[in-house]
Amino acid sequence: MKRICIYPADVCLLTGRSETYSRRLLRKIKTDLRKQPGQFISLQEFCNYTGLSTSEIEEIFK
């Protein structure tokens with residue numbers, strides 16, 4: 001089963017940055033996408049926002 005949502009720990013793994021940075025980045029993405037509290041950020045939304053390739057990221061999460 002593939003995951004659809006991305007979490008701060010995942011962003012840490014992908015970027016090599018701290019968890020604090022990862023939380024801030026996800027918060028910024030959520031704000032920019034006008035998500036409601038409690039809504040998740042999908043892997044696709046994260047990739048579109050950061051310019052990363054979904055296929056490369058899916059390989060990491062296998």
Side-chain angles (χ1 to χ4, degrees):
M1 179 171 173
K2 290 185 179 180
R3 286 191 348 187
I4 298 172
C5 301
I6 192 160
Y7 297 96
D10 301 328
V11 178
C12 288
L13 177 68
L14 294 170
T15 63
R17 303 286 302 266
S18 69
E19 189 165 344
T20 303
Y21 169 83
S22 301
R23 288 175 194 251
R24 275 193 221 128
L25 177 59
L26 290 177
R27 206 173 310 126
K28 181 166 176 30
I29 294 170
K30 200 173 197 179
T31 300
D32 290 352
L33 295 178
R34 297 188 174 139
K35 295 258 189 184
Q36 296 296 316
Q39 288 184 313
F40 296 105
I41 296 172
S42 72
L43 184 59
Q44 184 66 47
E45 291 169 331
F46 177 78
C47 290
N48 289 340
Y49 191 88
T50 59
L52 298 172
S53 166
T54 53
S55 59
E56 289 177 339
I57 290 179
E58 287 174 350
E59 284 294 316
I60 293 171
F61 290 134
K62 277 189 175 179

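Partners of Arg23 under the side chain to side chain donor-acceptor pair (under 3.5 Å) rule, at least two apart in sequence or in another chain, are Glu19.
Shown here is Lys35, whose NZ atom has more than 12 heavy atoms of other residues, nucleotides or ligands within 6.0 Å. In this structure, Leu52 places its CG atom where more than 12 heavy-atom neighbours from other residues, nucleotides or ligands lie under 6.0 Å away.
Separating the OG1 atom in Thr15 from the CG atom in Leu25 is a distance of 7.5 Å, to the nearest 0.5 Å. Distance check, rounded to the nearest 0.5 Å: CD of Gln39 to CZ of Arg34 gives 13.0 Å. A distance of 11.5 Å separates CD1 in Ile41 from CG in Asp10, rounded to the nearest 0.5 Å. The line from CZ of Phe40 to CG of Leu26 is 12.0 Å long, rounded to the nearest 0.5 Å. Leu13 contributes atom CG, which lies 10.0 Å from atom CD1 of Ile57 (distance to the nearest 0.5 angstrom). Rounded to the nearest 0.5 Å, atoms CD1 (Ile6) and CG (Leu14) are 5.5 Å apart.
Transitive grouping of hydrophobic side chains (ILVMFWY, heavy atoms separated by less than 4.5 Å) brings Phe46 and Leu33 into a common cluster. Taken together through direct or relayed side-chain contacts under 4.5 Å among Ile, Leu, Val, Met, Phe, Trp and Tyr, Ile29 and Leu43 form part of one hydrophobic cluster.
Using a 4.5 Å heavy-atom cutoff, the side chains of Val11 and Arg17 are not in contact.
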